[in-house]
Engineer: 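For reference, the structure I am asking about is given below.
Letters A, B, ... are given to chains in the order of the sequence lines, protein chains preceding strands, and every chain is numbered from 1.
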Protein chains: 2
Amino acid sequence: MTLYSIGEFSRMSGLTVKTLRFYHEKQLLTPALVEQETGYRNYDKSNLERAHIIVALRELGFALDSILEILAECGDDADVLIFLEERKHQLQDEIRERDDIVRVLDSIIETETNARSEMTKTISEIEEKVLAPILVGGIRMTGRYSDCGKAFRQLGRKLGRHMGGKAMMLCYDDEYREEDADFEPCVPLKREVQAEGVEVRELPGGKCISLVHFGPYEDFGRSYHRLLDYAKEREFSLVNPSREVFIKGPGMIFKGNPKKYVTELQFLIKT
Amino acid sequence: MTLYSIGEFSRMSGLTVKTLRFYHEKQLLTPALVEQETGYRNYDKSNLERAHIIVALRELGFALDSILEILAECGDDADVLIFLEERKHQLQDEIRERDDIVRVLDSIIETETNARSEMTKTISEIEEKVLAPILVGGIRMTGRYSDCGKAFRQLGRKLGRHMGGKAMMLCYDDEYREEDADFEPCVPLKREVQAEGVEVRELPGGKCISLVHFGPYEDFGRSYHRLLDYAKEREFSLVNPSREVFIKGPGMIFKGNPKKYVTELQFLIKT
DNA sequence: GCTAAGGCCTCCAGTAAGGGGAGAGTCAAG
DNA sequence: CTTGACTCTCCCCTTACTGGAGGCCTTAGC
């Protein structure tokens with residue numbers, strides 16, 4: 001039987017010399033002959049066959065340990081079936097994981113891209129427009145506005161992949177309240193879902209007045225004032241709750257700079 | 001400003017103590033205060049904020065190096081956009097890779113599962129049946145039958161994901177030839193594809209006689225003999241080339257045991 | 001006979017993101 | 001003063017190798 005030096009065998013098998021030495025150490029591929037004196041490794045045809053199997057399994061992404069196990073237990077593709085099924089499930093899990101991340105990335109990217117285009121309108125004018133009805137899931141609560149973070153996180157966890165669109169807050173108070181405000185963080189949904197502790201329903205559409213507010217939430221007062229004045233002038237009767245749509249707020253990752261926040265304030269008009 | 005011990009901060013941030021120490025070393029998250037004497041780490045609110053960002057980025061699968069870079073360059077989700085896009089492409093590549101492997105796994109699994117059910121029929125009887133036309137890609141060659149391996153590997157590389165069904169060989173010789181046999185390894189295709197060096201065409205369907213052969217290829221002689229006798233008895237006129245469908249041959253991974261090979265020999269009948 | 005070039009060997013260090021544990025110092029309560 | 005909880009540093013382990021240093025052996029060229 002012809003023998004090949006490690007260099008020759010490397011070229012034949014497509015494995016590097018380093019890798020071959022490593023596989024020898026791991027008992028994954030033991031050379032047919034190791035010269036006593038020099039320690040030189042010599043490989044033969046059967047080594048090559050085994051090397052091909054190893055390469056094939058490696059390309060399927062098996063760990064070396066698994067390959068070792070497979071080589072020990074299997075002599076035929078049929079015997080590998082169980083391992084293949086297992087590996088397939090592993091891969092499908094990995095794909096699912098990555099798919100989920102991509103979805104999250106997409107939603108962040110979309111939000112930021114929208115916000116960017118919104119930012120170009122620097123002057124904020126009051127607009128009259130018509131809102132479409134919208135399906136949302138919300139958590140109504142009493143307390144400080146700044147406590148809404150928890151609610152949004154909870155919405156994120158419970159509704160996850162069903163969310164679609166910008167988060168918003170419904171404000172039920174007629175006057176400004178610091179400590180015991182009555183409000184409802186909510187997110188638009190792509191489809192009807194049930195989730196514990198979350199009220200899912202359709203918000204009515206209709207004619208509304210809207211104002212885009214640039215800057216921190218503490219400054220909402222002035223923008224609300226402008227909206228109310230505008231409504232009074234035209235004798236519009238406004239419908240509770242008002243809506244605050246977070247075009248750009250604290251990001252999913254960074255808190256960002258409140259001066260750069262963009263929020264659209266909306267009031268439906270009673271007709 | 002309140003300070004927290006590493007244990008408290010660990011509970012607050014959801015990062016293990018080990019991880020916090022590691023991030024300190026990597027300068028990813030430097031405690032607000034390190035006591036000179038004891039070396040105790042003390043964290044503050046701003047550390048917590050940074051920790052939240054790190055966790056968020058880590059959940060998106062960013063490497064710590066990238067996180068470090070992002071933290072250095074970005075102060076806002078908008079700044080991260082480029083990184084997010086990049087990460088998304090990475091993920092999509094990873095998904096594609098895994099999808100490809102899953103497809104390969106599926107084809108191996110399918111082949112072996114089919115072979116297994118075929119194996120249960122132990123007696124091989126000559127059958128008359130009707131073949132549907134089938135789209136194939138093939139590489140016609142002259143030489144030894146045993147040289148077909150290269151051709152199949154080439155078909156695998158060039159047609160990859162378009163293949164669907166069991167590989168087969170078309171034999172154009174009227175008599176047995178050792179050295180200069182004329183044959184064509186080919187694979188069924190799901191759709192019309194073009195590939196250099198590969199002839200893609202539809203094999204005609206029609207009535208045929210078929211015999212399932214169990215065992216090594218060297219024993220084909222007897223099975224062919226049985227088919228030819230059967231045809232002569234019934235005065236069937238057979239059409240060249242004959243087809244050898246590899247129900248179970250050398251696996252994609254293991255060469256397997258030739259005694260377990262299963263091949264279906266088919267001859268179309270001239271009508 | 002000497003040197004240079006390959007080819008081969010072993011051993012060590014490093015990768016990413018920490019986990020596990022040893023041995024020693026620190027802190028607060030009983 | 002002791003005990004138990006907490007913290008520190010340092011080292012080794014993981015995967016599947018890669019890179020490099022230093023050394024042995026053979027052959028070709030001068």
Side-chain angles (χ1 to χ4, degrees), chain A residues 3-43 47 50-51 53-71 87 90-91 94 97-98 101, chain B residues 3-44 47 50-51 53-71 87 90-91 94 97 101:
Chain A
L3 291 179
Y4 308 95
S5 75
I6 196 169
E8 290 168 327
F9 191 75
S10 160
R11 266 162 262 139
M12 291 161 67
S13 62
L15 297 163
T16 69
V17 171
K18 282 276 190 191
T19 302
L20 286 171
R21 286 202 266 257
F22 181 64
Y23 286 178
H24 180 189
E25 186 194 341
K26 289 264 159 186
Q27 317 219 30
L28 198 59
L29 187 59
T30 310
L33 171 77
V34 180
E35 281 171 41
Q36 199 68 22
E37 290 247 304
T38 61
Y40 277 32
R41 294 168 179 84
N42 288 278
Y43 294 84
N47 285 145
R50 195 172 163 102
I53 298 175
I54 294 173
V55 169
L57 290 171
R58 211 180 48 167
E59 275 168 6
L60 295 176
F62 281 98
L64 295 195
D65 278 354
S66 312
I67 296 183
L68 204 52
E69 196 182 344
I70 293 174
L71 281 166
R87 176 85 190 114
Q90 264 182 29
L91 284 167
E94 291 177 14
E97 259 177 50
R98 283 164 176 73
I101 299 183
Chain B
L3 291 178
Y4 308 95
S5 74
I6 196 170
E8 290 168 327
F9 191 75
S10 160
R11 266 162 263 138
M12 292 161 68
S13 63
L15 296 164
T16 69
V17 171
K18 280 275 186 193
T19 303
L20 287 171
R21 287 202 268 255
F22 180 63
Y23 286 178
H24 181 190
E25 186 194 343
K26 288 264 159 186
Q27 317 218 31
L28 199 58
L29 186 61
T30 309
L33 172 75
V34 180
E35 283 170 41
Q36 198 68 22
E37 291 247 303
T38 61
Y40 276 33
R41 294 169 178 83
N42 289 279
Y43 294 84
D44 67 4
N47 285 143
R50 194 171 164 101
I53 298 174
I54 294 174
V55 169
L57 291 171
R58 210 179 49 166
E59 274 168 7
L60 295 176
F62 281 98
L64 296 194
D65 279 354
S66 314
I67 296 183
L68 203 53
E69 197 182 343
I70 292 174
L71 282 166
R87 176 87 190 113
Q90 263 181 31
L91 284 167
E94 291 176 13
E97 258 178 50
I101 299 184

Engineer: Are the side chain of B/Asn47 and the backbone N or O of B/Thr30 linked by a donor-acceptor pair below 3.5 Å?
Structural biologist: yes

Engineer: Among A/Ile53, A/Ile54, A/Leu57, exactly one meets side-chain contact (heavy atoms from CB on, under 4.5 Å) together with A/Ile70. Which residue is that?
Structural biologist: A/Leu57

Engineer: Rounded to whole angstrom units, what separation is found between the CD atom of A/Glu35 and the C1' atom of D/dC24?
Structural biologist: 13 Å

Engineer: Within this structure, what is the CG-to-P distance between A/Leu20 and C/dT10, rounded to whole angstrom?
Structural biologist: 13 Å

Engineer: Mind calculating the distance between CG (B/Leu29) and P (C/dG18) to the nearest angstrom?
Structural biologist: 12 Å

Engineer: Just the rounded figure in Å: distance from P of C/dT15 to CZ of A/Phe22.
Structural biologist: 17 Å

Engineer: Would you check if the side chain of A/Arg87 reaches a backbone N or O of A/Gly61 as a donor-acceptor pair within less than 3.5 Å?
Structural biologist: yes

Engineer: Remember a base hit wins even if backbone is also touched, and classify B/Tyr23 as base, sugar-phosphate or nothing at under 4.0 Å, heavy atoms.
Structural biologist: sugar-phosphate

Engineer: With a 4.0 Å cutoff (strictly under), does any side-chain N or O of B/Thr16 reach OP1 or OP2 of C/dG18?
Structural biologist: no

Engineer: Whole angstroms only, please: what is the CD-C1' distance between A/Glu25 and C/dC12?
Structural biologist: 13 Å

Engineer: What do the steps show when you test B/Leu68 against B/Lys26 for side chain to side chain contact (heavy atoms under 4.5 Å, CB included), and what is the final call?
Structural biologist: CA-CA 9 Å; B/Leu68 203 53; B/Lys26 288 264 159 186; 5.9 Å; no

Engineer: Could you give the CG-to-P distance, from A/Leu57 to D/dA16, as a whole number of Å?
Structural biologist: 13 Å

Engineer: How does each nucleotide of nucleotides 1-15 of chain D score, in 5' to 3' order, for protein heavy atoms under 4.0 Å: base (B), sugar-phosphate only (S), or none (-)?
Structural biologist: -----BSBBB----S

Engineer: Between P on C/dG18 and CG on B/Leu28, what's the gap in Å once rounded to a whole number?
Structural biologist: 9 Å

Engineer: Atom CZ of B/Arg11 and atom OG of B/Ser5: how far apart are they, to the nearest 0.5 Å?
Structural biologist: 6.5 Å

Engineer: Applying ring pair (Phe, Tyr, Trp, His ring centres under 6.0 Å), which residue pairs with at least one partner in residues 8-35 of chain B are found, sequence neighbours left out?
Structural biologist: B/Phe9-B/Tyr43

